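Read the structure below first, then the notes.
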2 protein chains.
Amino acid sequence: MSTSLTEPRTPAAASATGPAAGTLPAPLSAEELAAWRGLLCAHAMLVKALDAELEAAHGFPLSSFEALEALASASGRRLRMCELAERARLSRSGLTRLADRLERAGLIERVDCASDARGSFAVLTAAGTAVLAAAGPTYADVIRRRLLDQLSEADLARLGRVCERVLEASPAREARGSGCCA
Amino acid sequence: MSTSLTEPRTPAAASATGPAAGTLPAPLSAEELAAWRGLLCAHAMLVKALDAELEAAHGFPLSSFEALEALASASGRRLRMCELAERARLSRSGLTRLADRLERAGLIERVDCASDARGSFAVLTAAGTAVLAAAGPTYADVIRRRLLDQLSEADLARLGRVCERVLEASPAREARGSGCCA
DNA sequence: ATCGTGTAGTTGCGCCAGCAAGTATCCGGA
DNA sequence: TCCGGATACTTGCTGGCGCAACTACACGAT
(Lines give C-alpha, C1' and ligand atoms only; values in the text may rest on other atoms or scores of the structure.)
Protein backbone atom coordinates (compact mmCIF):
# COMPACT_ATOMS: atom_id res chain seq x y z
CA MET A 1 0.00 0.00 0.00
CA SER A 2 2.89 2.36 0.57
CA THR A 3 5.29 3.14 -2.18
CA SER A 4 8.63 3.26 -0.80
CA LEU A 5 10.76 3.53 2.20
CA THR A 6 8.98 1.29 4.55
CA GLU A 7 9.39 -1.91 2.56
CA PRO A 8 9.92 -4.33 5.37
CA ARG A 9 13.28 -5.94 4.93
CA THR A 10 15.01 -8.18 7.39
CA PRO A 11 17.63 -6.06 9.13
CA ALA A 12 20.16 -8.81 8.54
CA ALA A 13 19.74 -8.53 4.79
CA ALA A 14 20.74 -4.87 4.95
CA SER A 15 24.47 -5.21 5.06
CA ALA A 16 24.22 -8.11 2.66
CA THR A 17 22.39 -6.42 -0.19
CA GLY A 18 23.39 -2.90 0.72
CA PRO A 19 26.86 -2.07 -0.47
CA ALA A 20 27.09 -5.15 -2.65
CA ALA A 21 24.63 -4.91 -5.51
CA GLY A 22 25.33 -1.29 -6.37
CA THR A 23 22.44 -0.70 -8.75
CA LEU A 24 19.72 0.70 -6.53
CA PRO A 25 20.41 1.74 -2.98
CA ALA A 26 18.80 -0.52 -0.42
CA PRO A 27 15.64 1.01 1.01
CA LEU A 28 15.65 1.78 4.69
CA SER A 29 14.44 -0.78 7.15
CA ALA A 30 11.76 0.12 9.63
CA GLU A 31 14.36 0.33 12.36
CA GLU A 32 16.61 2.57 10.33
CA LEU A 33 13.76 4.83 9.40
CA ALA A 34 12.64 5.02 13.00
CA ALA A 35 16.08 6.02 14.18
CA TRP A 36 16.42 8.69 11.54
CA ARG A 37 12.97 10.10 12.19
CA GLY A 38 13.60 9.95 15.89
CA LEU A 39 16.67 12.03 15.34
CA LEU A 40 14.72 14.62 13.37
CA CYS A 41 11.94 14.80 15.92
CA ALA A 42 14.23 14.90 18.91
CA HIS A 43 16.28 17.65 17.34
CA ALA A 44 13.20 19.67 16.48
CA MET A 45 11.82 19.29 19.97
CA LEU A 46 15.05 20.26 21.66
CA VAL A 47 15.71 23.27 19.49
CA LYS A 48 12.17 24.51 19.82
CA ALA A 49 12.23 24.13 23.58
CA LEU A 50 15.57 25.89 23.88
CA ASP A 51 14.47 28.69 21.63
CA ALA A 52 11.25 29.20 23.52
CA GLU A 53 12.76 29.09 27.00
CA LEU A 54 15.70 31.32 26.15
CA GLU A 55 13.41 33.80 24.45
CA ALA A 56 10.97 33.80 27.33
CA ALA A 57 13.53 34.08 30.09
CA HIS A 58 16.19 36.25 28.48
CA GLY A 59 14.76 37.74 25.32
CA PHE A 60 16.99 36.16 22.73
CA PRO A 61 16.88 32.92 20.76
CA LEU A 62 19.17 29.95 20.54
CA SER A 63 21.14 31.27 17.59
CA SER A 64 22.15 34.34 19.56
CA PHE A 65 23.05 32.23 22.54
CA GLU A 66 25.29 30.02 20.49
CA ALA A 67 27.12 32.97 19.00
CA LEU A 68 27.61 34.59 22.39
CA GLU A 69 28.76 31.30 23.85
CA ALA A 70 31.28 30.84 21.07
CA LEU A 71 32.67 34.27 21.79
CA ALA A 72 32.77 33.68 25.53
CA SER A 73 34.81 30.56 25.15
CA ALA A 74 37.19 32.11 22.64
CA SER A 75 40.46 33.57 23.82
CA GLY A 76 40.06 37.30 24.28
CA ARG A 77 36.28 36.86 24.02
CA ARG A 78 36.65 37.68 20.36
CA LEU A 79 36.39 35.82 17.10
CA ARG A 80 36.75 36.70 13.46
CA MET A 81 33.37 36.97 11.78
CA CYS A 82 33.92 33.98 9.53
CA GLU A 83 35.11 31.84 12.38
CA LEU A 84 32.05 32.80 14.35
CA ALA A 85 29.83 32.03 11.39
CA GLU A 86 31.21 28.53 11.27
CA ARG A 87 30.68 27.90 14.95
CA ALA A 88 27.16 29.22 14.81
CA ARG A 89 26.52 27.15 11.68
CA LEU A 90 25.49 30.24 9.75
CA SER A 91 26.39 31.59 6.35
CA ARG A 92 28.55 34.68 6.27
CA SER A 93 25.58 36.86 5.44
CA GLY A 94 23.51 35.22 8.11
CA LEU A 95 26.15 36.02 10.63
CA THR A 96 26.43 39.62 9.44
CA ARG A 97 22.76 40.16 10.33
CA LEU A 98 22.99 38.29 13.60
CA ALA A 99 26.00 40.39 14.54
CA ASP A 100 24.01 43.49 13.60
CA ARG A 101 21.28 42.49 16.03
CA LEU A 102 23.68 41.59 18.80
CA GLU A 103 25.57 44.82 18.29
CA ARG A 104 22.37 46.87 18.39
CA ALA A 105 21.53 45.09 21.62
CA GLY A 106 24.93 46.04 23.00
CA LEU A 107 26.01 42.45 23.50
CA ILE A 108 28.91 42.49 21.09
CA GLU A 109 31.09 45.04 19.36
CA ARG A 110 32.80 44.93 16.02
CA VAL A 111 36.45 45.88 16.06
CA ASP A 112 38.64 46.10 13.02
CA CYS A 113 41.37 43.56 12.65
CA ALA A 114 44.81 45.15 12.81
CA SER A 115 46.62 42.52 10.82
CA ASP A 116 44.04 42.26 8.05
CA ALA A 117 42.14 45.37 7.06
CA ARG A 118 39.43 43.33 5.38
CA GLY A 119 38.43 41.58 8.53
CA SER A 120 36.83 42.41 11.81
CA PHE A 121 36.37 40.76 15.14
CA ALA A 122 33.15 40.26 17.01
CA VAL A 123 33.94 41.00 20.63
CA LEU A 124 31.77 40.16 23.57
CA THR A 125 30.96 43.26 25.64
CA ALA A 126 30.56 43.33 29.40
CA ALA A 127 26.81 43.43 28.89
CA GLY A 128 27.04 40.44 26.59
CA THR A 129 29.06 38.55 29.14
CA ALA A 130 26.52 39.28 31.84
CA VAL A 131 23.56 38.35 29.71
CA LEU A 132 25.20 35.14 28.66
CA ALA A 133 26.04 34.23 32.22
CA ALA A 134 22.41 34.72 33.12
CA ALA A 135 21.18 32.61 30.24
CA GLY A 136 23.67 29.78 30.64
CA PRO A 137 21.76 28.01 33.40
CA THR A 138 18.55 28.12 31.38
CA TYR A 139 20.34 26.59 28.46
CA ALA A 140 21.99 23.89 30.53
CA ASP A 141 18.78 23.14 32.35
CA VAL A 142 16.75 22.54 29.21
CA ILE A 143 19.39 20.30 27.70
CA ARG A 144 19.79 18.39 30.89
CA ARG A 145 16.14 17.83 31.60
CA ARG A 146 15.04 17.05 28.08
CA LEU A 147 18.04 15.25 26.74
CA LEU A 148 20.73 14.26 29.19
CA ASP A 149 18.47 13.01 31.92
CA GLN A 150 17.11 10.44 29.47
CA LEU A 151 20.56 9.12 28.67
CA SER A 152 22.61 6.62 30.61
CA GLU A 153 26.35 7.13 30.91
CA ALA A 154 26.80 4.59 28.15
CA ASP A 155 24.21 6.27 25.95
CA LEU A 156 25.95 9.58 26.35
CA ALA A 157 29.35 8.21 25.50
CA ARG A 158 28.03 6.36 22.51
CA LEU A 159 26.07 9.33 21.27
CA GLY A 160 29.20 11.43 21.37
CA ARG A 161 31.24 8.88 19.50
CA VAL A 162 28.56 8.28 16.91
CA CYS A 163 28.13 11.95 16.13
CA GLU A 164 31.84 12.37 15.82
CA ARG A 165 32.08 9.46 13.45
CA VAL A 166 29.18 10.67 11.35
CA LEU A 167 30.68 14.12 11.10
CA GLU A 168 34.14 13.07 10.12
CA ALA A 169 32.70 10.67 7.55
CA SER A 170 31.18 13.59 5.67
CA PRO A 171 33.19 16.27 3.92
CA ALA A 172 30.85 18.84 5.49
CA ARG A 173 32.54 21.93 4.09
CA GLU A 174 32.12 20.20 0.76
CA ALA A 175 31.05 22.98 -1.59
CA ARG A 176 33.34 25.48 -0.02
CA GLY A 177 36.92 26.41 -0.64
CA SER A 178 37.07 26.62 3.13
CA GLY A 179 40.13 28.35 4.40
CA CYS A 180 39.10 31.62 5.97
CA CYS A 181 40.80 33.10 8.98
CA ALA A 182 43.50 31.65 11.17
CA MET B 1 38.88 32.35 31.05
CA SER B 2 35.50 31.25 29.80
CA THR B 3 32.37 32.15 31.63
CA SER B 4 30.14 29.31 31.59
CA LEU B 5 29.29 25.99 30.18
CA THR B 6 32.62 24.44 29.82
CA GLU B 7 33.53 24.44 33.49
CA PRO B 8 35.39 21.18 33.68
CA ARG B 9 33.62 18.95 36.12
CA THR B 10 34.37 15.31 36.75
CA PRO B 11 31.76 13.35 34.85
CA ALA B 12 31.19 11.24 37.95
CA ALA B 13 30.22 14.28 39.95
CA ALA B 14 27.45 15.01 37.47
CA SER B 15 24.81 12.70 38.75
CA ALA B 16 25.89 13.46 42.28
CA THR B 17 25.55 17.22 42.26
CA GLY B 18 23.07 17.36 39.44
CA PRO B 19 19.55 16.64 40.60
CA ALA B 20 20.46 16.97 44.26
CA ALA B 21 21.33 20.56 45.07
CA GLY B 22 18.39 22.10 43.23
CA THR B 23 19.44 25.72 43.39
CA LEU B 24 21.36 26.23 40.20
CA PRO B 25 21.29 23.65 37.47
CA ALA B 26 24.57 21.82 37.10
CA PRO B 27 26.57 23.11 34.17
CA LEU B 28 27.24 20.70 31.37
CA SER B 29 30.34 18.57 31.43
CA ALA B 30 32.66 18.57 28.46
CA GLU B 31 31.33 15.18 27.41
CA GLU B 32 27.73 16.29 27.66
CA LEU B 33 28.42 19.42 25.72
CA ALA B 34 30.26 17.48 23.06
CA ALA B 35 27.37 15.06 22.62
CA TRP B 36 24.83 17.85 22.36
CA ARG B 37 26.93 19.83 19.91
CA GLY B 38 27.63 16.70 17.94
CA LEU B 39 23.92 16.18 17.66
CA LEU B 40 23.40 19.70 16.38
CA CYS B 41 26.22 19.45 13.87
CA ALA B 42 25.28 16.00 12.64
CA HIS B 43 21.69 17.08 12.19
CA ALA B 44 22.71 20.19 10.31
CA MET B 45 25.03 18.25 8.05
CA LEU B 46 22.47 15.57 7.27
CA VAL B 47 19.65 17.95 6.57
CA LYS B 48 21.79 20.16 4.40
CA ALA B 49 23.05 17.19 2.41
CA LEU B 50 19.58 15.79 1.93
CA ASP B 51 18.21 19.13 0.90
CA ALA B 52 20.99 19.72 -1.58
CA GLU B 53 20.89 16.28 -3.16
CA LEU B 54 17.12 16.12 -3.42
CA GLU B 55 17.00 19.59 -4.90
CA ALA B 56 19.75 18.80 -7.38
CA ALA B 57 18.41 15.44 -8.48
CA HIS B 58 14.66 15.99 -8.31
CA GLY B 59 14.01 19.68 -7.93
CA PHE B 60 12.40 19.77 -4.53
CA PRO B 61 13.70 20.05 -0.97
CA LEU B 62 13.52 17.82 2.04
CA SER B 63 10.38 19.41 3.43
CA SER B 64 8.47 18.55 0.28
CA PHE B 65 9.83 15.05 0.29
CA GLU B 66 8.72 14.47 3.83
CA ALA B 67 5.22 15.68 3.12
CA LEU B 68 4.93 13.52 0.02
CA GLU B 69 6.31 10.53 1.89
CA ALA B 70 3.81 11.01 4.69
CA LEU B 71 1.01 11.01 2.14
CA ALA B 72 2.37 7.97 0.35
CA SER B 73 2.44 5.93 3.50
CA ALA B 74 -1.03 7.03 4.58
CA SER B 75 -4.02 4.92 3.76
CA GLY B 76 -5.66 6.21 0.60
CA ARG B 77 -2.57 8.31 -0.05
CA ARG B 78 -4.38 11.15 1.67
CA LEU B 79 -4.12 13.00 4.94
CA ARG B 80 -5.96 15.82 6.59
CA MET B 81 -3.99 19.03 6.40
CA CYS B 82 -3.44 19.27 10.12
CA GLU B 83 -2.32 15.68 10.35
CA LEU B 84 0.12 16.30 7.54
CA ALA B 85 1.37 19.44 9.24
CA GLU B 86 2.23 17.42 12.31
CA ARG B 87 4.09 14.76 10.37
CA ALA B 88 6.03 17.35 8.41
CA ARG B 89 6.74 19.24 11.64
CA LEU B 90 5.26 22.42 10.21
CA SER B 91 2.81 24.94 11.55
CA ARG B 92 -0.62 24.99 9.96
CA SER B 93 0.22 28.08 7.96
CA GLY B 94 3.52 26.62 6.95
CA LEU B 95 1.77 23.59 5.62
CA THR B 96 -0.80 25.66 3.76
CA ARG B 97 1.99 27.26 1.72
CA LEU B 98 3.84 24.01 1.21
CA ALA B 99 0.61 22.42 0.00
CA ASP B 100 0.13 25.40 -2.32
CA ARG B 101 3.53 24.76 -3.86
CA LEU B 102 3.00 21.03 -4.16
CA GLU B 103 -0.41 21.56 -5.67
CA ARG B 104 0.93 24.03 -8.19
CA ALA B 105 3.55 21.45 -9.10
CA GLY B 106 0.79 18.90 -9.60
CA LEU B 107 2.12 16.56 -6.94
CA ILE B 108 -0.87 16.74 -4.63
CA GLU B 109 -4.50 17.78 -4.81
CA ARG B 110 -6.75 19.25 -2.19
CA VAL B 111 -10.10 17.57 -1.84
CA ASP B 112 -12.81 18.68 0.52
CA CYS B 113 -13.60 16.48 3.43
CA ALA B 114 -17.12 15.07 3.20
CA SER B 115 -17.62 14.56 6.90
CA ASP B 116 -16.27 17.93 7.96
CA ALA B 117 -16.82 20.91 5.71
CA ARG B 118 -14.08 22.87 7.41
CA GLY B 119 -11.41 20.40 6.51
CA SER B 120 -9.69 19.16 3.42
CA PHE B 121 -7.43 16.33 2.48
CA ALA B 122 -4.12 16.55 0.75
CA VAL B 123 -4.09 13.71 -1.74
CA LEU B 124 -1.04 12.43 -3.56
CA THR B 125 -1.53 12.53 -7.34
CA ALA B 126 -0.15 10.01 -9.79
CA ALA B 127 2.55 12.50 -10.67
CA GLY B 128 3.35 12.94 -7.02
CA THR B 129 3.60 9.22 -6.55
CA ALA B 130 5.97 8.91 -9.48
CA VAL B 131 8.15 11.78 -8.40
CA LEU B 132 8.35 10.43 -4.89
CA ALA B 133 9.27 6.98 -6.12
CA ALA B 134 12.08 8.52 -8.13
CA ALA B 135 13.36 10.54 -5.19
CA GLY B 136 13.12 7.78 -2.62
CA PRO B 137 16.41 6.13 -3.55
CA THR B 138 18.24 9.45 -3.37
CA TYR B 139 16.84 10.03 0.07
CA ALA B 140 17.69 6.55 1.30
CA ASP B 141 21.12 6.71 -0.22
CA VAL B 142 22.11 9.92 1.53
CA ILE B 143 20.87 8.71 4.89
CA ARG B 144 22.56 5.39 4.46
CA ARG B 145 25.93 6.69 3.36
CA ARG B 146 26.17 9.60 5.75
CA LEU B 147 24.45 8.24 8.79
CA LEU B 148 23.63 4.54 8.83
CA ASP B 149 26.91 3.31 7.42
CA GLN B 150 28.65 4.90 10.38
CA LEU B 151 26.47 3.06 12.89
CA SER B 152 26.84 -0.48 14.14
CA GLU B 153 23.75 -2.56 14.69
CA ALA B 154 24.00 -1.76 18.36
CA ASP B 155 24.43 1.95 17.70
CA LEU B 156 21.35 1.96 15.54
CA ALA B 157 19.21 0.18 18.07
CA ARG B 158 20.39 2.39 20.87
CA LEU B 159 19.89 5.55 18.85
CA GLY B 160 16.33 4.55 18.15
CA ARG B 161 15.59 3.81 21.78
CA VAL B 162 17.26 6.98 23.00
CA CYS B 163 15.31 9.20 20.65
CA GLU B 164 12.09 7.53 21.61
CA ARG B 165 12.83 8.02 25.28
CA VAL B 166 13.78 11.67 24.79
CA LEU B 167 10.62 12.32 22.85
CA GLU B 168 8.23 10.73 25.25
CA ALA B 169 9.91 12.49 28.14
CA SER B 170 8.91 15.84 26.68
CA PRO B 171 5.34 17.03 26.33
CA ALA B 172 6.21 18.17 22.81
CA ARG B 173 2.75 19.44 21.86
CA GLU B 174 3.03 21.46 25.04
CA ALA B 175 1.68 24.87 24.11
CA ARG B 176 -1.09 23.47 21.98
CA GLY B 177 -4.57 22.36 22.69
CA SER B 178 -3.68 19.54 20.36
CA GLY B 179 -6.66 17.59 19.24
CA CYS B 180 -7.11 18.26 15.55
CA CYS B 181 -8.45 15.69 13.16
CA ALA B 182 -9.14 12.03 13.71
C1' DA C 1 55.00 48.49 -9.54
C1' DT C 2 51.03 46.08 -11.47
C1' DC C 3 47.94 42.58 -12.22
C1' DG C 4 45.13 38.51 -11.33
C1' DT C 5 43.23 35.60 -8.09
C1' DG C 6 41.41 34.67 -3.71
C1' DT C 7 39.39 35.97 0.78
C1' DA C 8 36.49 38.98 4.46
C1' DG C 9 32.60 41.13 5.15
C1' DT C 10 28.24 43.50 3.59
C1' DT C 11 24.07 44.18 0.89
C1' DG C 12 20.06 43.12 -2.37
C1' DC C 13 16.92 39.85 -3.02
C1' DG C 14 13.85 36.03 -2.56
C1' DC C 15 12.22 31.99 0.05
C1' DC C 16 10.24 29.88 3.70
C1' DA C 17 8.66 29.61 8.29
C1' DG C 18 5.77 31.15 12.36
C1' DC C 19 2.36 34.21 14.73
C1' DA C 20 -1.86 36.39 14.94
C1' DA C 21 -6.08 37.48 12.95
C1' DG C 22 -9.90 36.22 9.94
C1' DT C 23 -13.51 32.99 8.03
C1' DA C 24 -16.17 28.94 7.90
C1' DT C 25 -17.73 25.14 10.28
C1' DC C 26 -18.71 21.94 14.15
C1' DC C 27 -20.65 20.72 18.51
C1' DG C 28 -22.41 20.71 23.24
C1' DG C 29 -25.51 22.95 26.31
C1' DA C 30 -29.29 26.18 27.68
C1' DT D 1 -33.41 26.57 18.31
C1' DC D 2 -29.74 29.25 19.16
C1' DC D 3 -25.43 30.49 21.08
C1' DG D 4 -20.69 30.28 22.79
C1' DG D 5 -16.51 28.16 22.35
C1' DA D 6 -13.44 25.16 19.88
C1' DT D 7 -11.42 23.50 15.49
C1' DA D 8 -9.68 23.57 10.32
C1' DC D 9 -7.69 26.10 7.19
C1' DT D 10 -6.13 30.54 5.04
C1' DT D 11 -4.05 35.10 4.79
C1' DG D 12 -1.32 39.37 6.19
C1' DC D 13 2.63 40.33 8.15
C1' DT D 14 7.31 39.92 9.91
C1' DG D 15 11.78 37.92 10.70
C1' DG D 16 15.65 35.02 9.80
C1' DC D 17 18.45 32.76 6.51
C1' DG D 18 21.07 31.61 2.16
C1' DC D 19 22.72 32.81 -2.51
C1' DA D 20 24.81 35.83 -5.51
C1' DA D 21 26.79 40.13 -6.39
C1' DC D 22 29.63 43.82 -4.70
C1' DT D 23 33.52 46.32 -2.31
C1' DA D 24 37.75 46.30 -0.10
C1' DC D 25 41.87 44.23 0.83
C1' DA D 26 45.80 40.61 0.66
C1' DC D 27 49.22 38.17 -1.68
C1' DG D 28 51.97 35.80 -5.17
C1' DA D 29 53.81 36.20 -9.85
C1' DT D 30 55.60 38.72 -13.51
Side-chain angles (χ1 to χ4, degrees), chain A residues 44 47-49 51-52 54-56 59-67 78-86 88-105 108-123 173-182, chain B residues 44 47-49 51-52 55-56 59-67 78-86 88-105 108-122 173-182:
Chain A
V47 163
K48 193 175 301 188
D51 237 326
L54 284 173
E55 189 78 58
F60 55 85
L62 179 56
S63 57
S64 296
F65 181 91
E66 290 194 305
R78 73 186 50 209
L79 241 33
R80 288 290 293 267
M81 294 289 284
C82 58
E83 176 71 17
L84 184 53
E86 220 165 80
R89 290 182 303 282
L90 284 178
S91 68
R92 280 172 162 71
S93 64
L95 182 76
T96 292
R97 326 285 186 168
L98 176 55
D100 288 346
R101 277 171 264 150
L102 294 176
E103 197 171 27
R104 266 197 300 278
I108 70 165
E109 269 178 340
R110 280 177 169 89
V111 308
D112 294 342
C113 177
S115 65
D116 185 343
R118 294 169 300 178
S120 49
F121 288 98
V123 188
R173 322 102 181 129
E174 242 173 14
R176 273 219 246 150
S178 87
C180 188
C181 345
Chain B
V47 163
K48 193 174 300 189
D51 237 326
E55 189 78 58
F60 55 85
L62 179 57
S63 58
S64 296
F65 181 90
E66 290 194 305
R78 73 186 50 209
L79 240 33
R80 287 289 294 266
M81 294 287 284
C82 57
E83 176 71 17
L84 184 53
E86 221 165 77
R89 288 182 303 282
L90 284 178
S91 68
R92 279 168 161 68
S93 63
L95 182 75
T96 293
R97 323 294 182 161
L98 176 55
D100 289 345
R101 278 171 263 149
L102 294 176
E103 197 171 27
R104 267 197 300 279
I108 70 165
E109 268 177 341
R110 278 177 170 93
V111 308
D112 294 343
C113 176
S115 65
D116 185 342
R118 294 168 301 179
S120 49
F121 288 98
R173 322 100 182 132
E174 245 174 10
R176 274 219 245 150
S178 87
C180 187
C181 346

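Lettering of chains follows the sequences in order, A, B, ..., and the numbering in each one begins at 1. Computed from a predicted model, the values in this text were never measured in an experiment. Only heavy atoms go into these numbers, but all of them, side chains included; no hydrogens, no water, no symmetry mates.
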(request) Report the residues that fulfil side-chain hydrogen bond (donor to acceptor under 3.5 Å, both in side chains) with A/S91, sequence neighbours left out, ordered by chain and then residue number. (result) A/S93

Given [options], which nucleotide is nearest the side-chain atoms of [X]?
X      : options               : value
A/S120 : D/dA26, C/dG9, C/dC26 : C/dG9
B/R80  : D/dC17, D/dC9, C/dT10 : D/dC9
A/S63  : D/dC17, D/dC9, C/dC16 : D/dC17

(message) Any heavy-atom pair between the side chains of B/L102 and B/R110 that's under 4.5 Å?
(response) no

Interatomic distance, [X] [atom1] vs [N] [atom2] [rounded to whole Å]:
X      : N      : atom1 : atom2 : result
B/L95  : D/dT10 : CG    : P     : 8 Å
B/F121 : D/dT10 : CZ    : P     : 14 Å
A/L84  : C/dA8  : CG    : P     : 14 Å
B/L102 : D/dC9  : CG    : C1'   : 16 Å
B/L62  : C/dC16 : CG    : P     : 13 Å
A/L90  : C/dG9  : CG    : C1'   : 14 Å
B/E86  : D/dC9  : CD    : P     : 12 Å
A/D112 : D/dC25 : CG    : P     : 10 Å

(message) Within a 6.0 Å radius of atom CD on B/E103, are there more than 12 heavy atoms belonging to other residues, nucleotides or ligands?
(response) yes

Any protein N or O atoms within reach of nucleotides 19-24 of chain C? Criterion: under 3.5 Å, listing atom names and distances.
from, atom 1, to, atom 2, distance (Å)
C/dC19, N4, B/S93, OG, 2.8

(request) Kindly say if B/R92 contacts the phosphate of D/dA8, meaning a side-chain N or O under 4.0 Å from OP1 or OP2. (result) yes

(request) Please name all residues satisfying salt bridge (Lys or Arg N to Asp or Glu O under 4.0 Å) with A/R97, sequence neighbours left out, ordered by chain then number. (result) none

(request) Not counting sequence neighbours, which residues clear salt bridge (Lys or Arg N to Asp or Glu O under 4.0 Å) with A/R89? List them please. (result) A/E66

(request) Taking side chain to side chain contact (heavy atoms under 4.5 Å, CB included) as the test, write out the residues that go with B/V111, two or more places apart. (result) B/R78, B/F121, B/V123

(request) Kindly write out the residues that satisfy side chain to side chain contact (heavy atoms under 4.5 Å, CB included) with A/A122, not counting sequence neighbours, or none if the list is empty. (result) A/L71, A/M81, A/L84, A/I108

(request) For A/D116 and for B/L98, locate the closest nucleotide of DNA chain C by heavy-atom distance; then report the residue assigned to the nucleotide nearer the 5' terminus. (result) A/D116

